[in-house]
Amino acid sequence: MSVRVRFAPSPTGFLHIGSLRTALYNYLFAKHHGGTCILRIEDTDRTRFVEGAIEEQISSLAWAGVTFDEGPHVGGNHGPYTQSERFDLYREYGMKLVGNGTAYYAFDTSEELDAMRLRQQNAGIAPKYDRSSMRNQYTLGELETARLLEEGAMHVIRLKVPLQQDIRFNDLIRGEVVVNGREIDDQILLKSDGFPTYHLANVVDDHLMEITHVIRAEEWLPSTPKHIILYQAFGWEPPKFAHVPLLLNPDRSKMSKRHGDVMVRDFAAKGFFPEALVNFVALCGWNPGTDNEFFSMQELIDSFGLDRVNKAGAVFDYQKLNWMNGEYLKKRNVHDLARELHPKLLERGYPYVSESYVADVIELVRERVAFLADISEFADYLFGDTLAPLTPEAQEVLAKVPTLKTAIETFKTGLSLETLASQDAFKGLAQSAADAAGVKQGALMKPLRLVLTHREVGADLFRTLQLIGVERCVQRFDAFLAG
RNA sequence: GCACCGUUCGUCUAGGGGUUAGGACACCGCUCUUUCACAGUGGUAACACGGGUUCAAUUCCCGUACGGUGUACCA
């Protein structure tokens, strides 16, 4: 039987980084086995629906390179793939359960349920639907139930959990999990508005869409026994389950906003390469068993397996992500990078430069930054003529050479295409400037950099001068001399 | 509270009955570089605790502690 997996997000907001990883693992698992990766939209909660969320999630996924073989946007033979378009189905299947005695009617109001929970809380017992004391099919009797139904009384359908029975399943990542039936709540399957809850819709769809492996986040582990009971109630073979560990905040709670960016679009906006993000996130909770840390999507597909997914949650290390992005920045084709950065420079207000000039700058400075976009800031003196203000520290450095203006004069007059043509010629010029000022050549390099770039650190000075060019160097010398 | 899941350097992890417990990020040295970075090289740093099983436990078992998740007419 060929592998069929699904990623099933709710359209309640932008795509979360944790969701990206779950989707990625599904995708990798499917592709590794030559299977099918399905997107299914779980929008059964109308109150939480966010306009545009589906489109945003799909495009964030696509940005990262995760695509689907079936889904609302691409079609397929198991559709529709949006649960709100399948409502009749859930009602039909829910009623089947009522028919075979594995689900039942309940008429409690939310006030009554709240009161029940309060009682339980005060009594120190676990909050759980009390089938024997609440208003339902069993306590009311068949006659009263039928009457209420006929009256059109508000009601829900609840799962009749087999008490006193151990529910067990074998999680592909965690091994055997056993939960006793008395711990499991009589979950609502169909709400009073007739809409299904996640649990019903999820199980029905996974079965109808012939899902073979349910790969989802660990937060679902506690409700999996309910799903197993549902499969039993329907008489269906359950799929295999794999609950992947959570992505964590530094304090080890479930990863969330307020500790940093968590939406995929935030990472994209910050300038992360999708390949770097995917590479990094794949390694949060999974490892190939080798020392290799760099993987293209295809390499991930080739080496991915659920057997090497970890059990424990992984703290999301932004620092290491930055490092990884820098590694991708160093490896990327410089012309591709230039093409990407080029238009952004104009947006930032720099005067026009050629794309090949941008490529030269990138080549020179990229190993000093982690993001492509950082280059426009880091090397502003190569793109524009408005230099950053000199820091007090920089002023001090300049003041340390009293004869600096003499040296700069010498530089200015000696600077030409020829002196910038070779390292040796440049050194000769530097030496004569040093002689004129009566200082060692080394003492001149930092002030020279400062005068031309207003920065204390930067790439190789000779190459930097070449890129600034004679004309702009002279302008900057003049500005300094006049100051 | 109850249920479930988890626990190897600060972080991501490898390993697994006998290892100097390996790698990566971060951090700290050194080399290179008249800067910074890169690169290279070295270093600090971990098996939560207690019992068992065993000749031998970080590894297997049981407890405890700690942490996380769940406990909705949310997903």
Side-chain angles (χ1 to χ4, degrees), chain A residues 8-12 42-48 83 106 108-110 113-114 117 120-121 123-129 154-158 171 173-175 177-180 182-185 187-199 201-202 216-225 243 245-246 248-254 280 283-294 308 310-324 326-327 330 365-369 378 397 430 440-446 448-450 453 455-461 464:
Chain A
S10 293
T12 55
E42 309 221 321
D43 58 346
T44 52
D45 184 357
R46 302 120 82 218
T47 63
R48 296 210 305 159
Q83 290 186 331
D108 316 280
T109 64
S110 53
L113 291 170
D114 287 345
R117 286 189 198 102
Q120 292 168 331
Q121 210 173 59
I125 47 176
K128 181 170 172 286
Y129 185 75
M154 289 280 274
H155 67 275
V156 299
I157 303 297
R158 282 184 182 270
D171 189 277
I173 293 169
R174 280 147 219 289
V177 177
V178 186
V179 178
N180 191 279
R182 81 175 76 90
E183 310 291 349
I184 304 168
D185 206 0
Q187 187 68 50
I188 289 180
L189 265 20
L190 286 166
K191 307 180 214 176
S192 54
D193 61 5
F195 287 50
T197 58
Y198 167 84
H199 305 280
N202 188 266
R216 60 181 16 166
E218 187 183 351
E219 56 196 332
W220 292 110
L221 194 52
S223 52
T224 304
H243 289 91
L246 261 19
L248 271 25
N249 290 315
D251 67 2
R252 305 204 74 86
S253 57
K254 190 161 76 169
F280 177 77
L283 259 16
C284 285
W286 171 83
N287 75 82
T290 69
D291 279 347
N292 187 207
E293 292 197 281
F294 296 99
R308 294 202 68 91
N310 281 20
K311 295 181 173 76
V315 173
F316 193 88
D317 188 348
Y318 290 91
Q319 206 164 26
K320 189 160 185 178
L321 207 210
N322 284 348
W323 164 79
M324 181 152 279
E327 293 299 304
K330 277 182 258 174
V365 306
R366 66 165 148 183
E367 67 189 22
R368 285 149 215 276
V369 296
F378 184 86
V397 173
K440 283 187 185 165
Q441 199 189 113
L444 226 45
M445 303 315 264
K446 205 162 196 175
L448 179 59
R449 178 188 297 281
L450 243 14
T453 70
R455 300 205 186 247
E456 292 186 75
V457 301
D460 175 73
L461 192 52
T464 303

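For A:Trp220 and B:A75, the CH2 to C1' distance is 4 Å, given to the nearest whole Å. Between the CG atom of A:Asp460 and the C1' atom of B:C36 there is a distance of 12 Å, rounded to whole Å. When rounded to the nearest whole Å, the span between CG of A:Leu248 and P of B:G10 equals 17 Å. In this structure, the CZ atom of A:Arg252 is 16 Å from the P atom of B:C66, given to the nearest Å. As a whole-Å value, the separation of A:Ile184 CD1 from B:C2 P is 18 Å. Rounded to a whole Å, the CD atom of A:Gln187 is 15 Å from the C1' atom of B:A3. When rounded to the nearest whole Å, the span between CG of A:Leu221 and C1' of B:U71 equals 13 Å.
Of the candidates B:C2, B:U69, B:C12, B:C12 carries the atom nearest the A:Ala314 side chain, counting heavy atoms from C-beta on. In the set B:A26, B:A37, B:C73, the nucleotide with an atom closest to the side chain of A:Val156 is B:C73. Taking only side-chain atoms of A:Val179, from C-beta outward, the nucleotide of B:A37, B:C4, B:C12 with the closest atom is B:C4. Set against B:C73, B:A37, B:C12, the side chain of A:Arg158 has B:C73 as its closest nucleotide.
The nucleotide B:A48 finds its pairing partner in B:U64, both defining distances of the Watson-Crick or G-U wobble pair being shorter than 3.5 Å. Checking B:A75 for Watson-Crick or G-U wobble geometry (two distances, each under 3.5 Å) identifies no partner in any strand. A 3.5 Å limit on both hydrogen-bonding distances identifies no Watson-Crick or G-U partner for B:U19. B:U35 makes up no base pair with any nucleotide shown, lacking Watson-Crick or G-U wobble contacts both under 3.5 Å. Of all nucleotides present, only B:A3 satisfies the Watson-Crick or G-U wobble test against B:U69, with each distance under 3.5 Å. If you check B:G42 for Watson-Crick or wobble pairing at under 3.5 angstrom, you find it paired to B:C28. Partner assigned to B:U58 is none, using Watson-Crick or G-U wobble distances below 3.5 angstrom.
A:Asn310 has a side-chain polar atom (N or O) that falls below the 4.0 Å cut-off from OP1 or OP2 of B:A14. At least one side-chain nitrogen or oxygen of A:Lys254 sits closer than 4.0 Å to the OP1 or OP2 atom of B:G70. A sub-4.0 Å separation between OP1 or OP2 of B:C73 and a side-chain N or O of A:Arg117 is present. When the side-chain nitrogen and oxygen atoms of A:Arg174 are compared with OP1 and OP2 of B:G68, none of them lie within a distance under 4.0 Å. Checking the phosphate oxygens (OP1, OP2) of B:A75, a side-chain nitrogen or oxygen of A:Lys191 falls inside 4.0 Å. Distances shown here put every side-chain N or O of A:Asn287 at or beyond 4.0 Å from the OP1 or OP2 atom of B:U13.
B:C62 and B:G6 are spaced 12 Å apart, taking the P atom of each and rounding to whole Å. B:U53 and B:C66 are spaced 27 Å apart, taking the P atom of each and rounding to whole Å. On the C1' atoms, B:G50 is 28 Å away from B:U11, given to the nearest whole Å. Nucleotides B:U44 and B:G29, compared at atom C1', are 10 Å apart to the nearest Å. On the P atoms, B:A57 is 11 Å away from B:U19, given to the nearest whole Å. Across the C1' atoms, B:G23 and B:U8 are found 13 Å apart, a figure rounded to whole Å. For the P atoms, the distance from B:A21 to B:A48 is 15 Å, rounded to whole Å. One P atom belongs to B:A75, the other to B:C38, and the distance between them is 48 Å to the nearest Å.
Among the heavy atoms of the strands lying under 4.0 Å from A:Thr197 are primed sugar atoms or P, OP1, OP2 only; no base atom is included. Among the heavy atoms of the strands, none lies under 4.0 Å from A:Gly289. Residue-level contact check: A:Leu246 touches the backbone only, with heavy atoms under 4.0 Å from sugar-phosphate atoms and none from bases. Using a 4.0 Å heavy-atom distance criterion, A:Gln441 is classed as a base contact. When heavy atoms are screened at a 4.0 angstrom cut-off, A:Ile188 is found touching base atoms of the nucleic acid. In this structure, A:Asp108 reaches the bases: a heavy-atom distance under 4.0 Å links it to at least one base atom across the strands shown. Counting non-hydrogen atoms under 4.0 angstrom, A:Ala443 reaches nothing in the nucleic acid. A:Lys330 comes within contact range of the sugar-phosphate backbone alone, with a heavy-atom separation under 4.0 Å but no base atom that close. Among the protein residues, A:Glu42 comes within range of the sugar-phosphate backbone only, with heavy atoms under 4.0 Å from sugar or phosphate atoms but none that close to a base. Backbone-only engagement by A:Val178 is indicated by non-hydrogen atom pairs under 4.0 Å involving sugar-phosphate atoms exclusively. A:Arg308 comes within contact range of the sugar-phosphate backbone alone, with a heavy-atom separation under 4.0 Å but no base atom that close. In this structure, A:Thr44 reaches the sugar-phosphate backbone alone: every heavy-atom distance under 4.0 Å involves primed, P, OP1 or OP2 atoms, never a base.
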Produce the list of close N/O pairs, under 3.5 Å, pairing protein atoms with atoms of nucleotides 40-49 of chain B; give distances to one decimal.
none

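Between A:Ser223 and A:His199, the shortest heavy-atom contact is CB-CE1, 3.7 Å. Pairing each heavy atom of A:Ala201 with each of A:Gln83, the nearest pair is CB-NE2, 3.4 Å. The minimum heavy-atom distance between A:Ile184 and A:Pro225, with the atom names listed, is CD1-CB, 3.6 Å.
Here the CG-CG distance, from A:Leu283 to A:Asn292, works out to 8.5 Å after rounding to the nearest 0.5 Å. Taking CZ of A:Arg449 as the reference point, atom CZ of A:Arg455 lies at 11.5 Å (rounded to 0.5 Å). Separating the CD atom in A:Glu218 from the CD1 atom in A:Ile173 is a distance of 9.0 Å, to the nearest 0.5 Å.
Of the candidates A:Arg174, A:Arg216, A:Glu219, A:His243 forms a side-chain hydrogen bond (donor to acceptor under 3.5 Å, both in side chains) with just one, namely A:Arg216.
Residue whose closest nucleotide on RNA chain B sits further toward the 5' end, between A:Val457 and A:Asp317: A:Asp317. Comparing A:Pro127 and A:Ser223 against RNA chain B, the residue whose closest nucleotide sits nearer the 5' end is A:Pro127.
With A:Phe378 as the aromatic partner, A:Arg368 does not meet the cation-pi criteria of under 6.0 angstrom to the ring centre and within 45 degrees of the ring axis.
Between the side chain of A:Gln120 and the backbone N or O of A:Lys128, at least one donor-acceptor pair lies under 3.5 Å. A donor-acceptor contact shorter than 3.5 Å is absent between the side chain of A:Asn310 and the backbone of A:Trp286. Checking side-chain atoms of A:Asp317 against main-chain N and O of A:Gln319 turns up a donor-acceptor pair under 3.5 Å.
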Would you sort out whether A:Phe280 and A:Tyr318 count as a ring pair (Phe, Tyr, Trp, His ring centres under 6.0 Å), showing the intermediate values? CA-CA 10 Å; A:Phe280 177 77; A:Tyr318 290 91; 8.5 Å; no
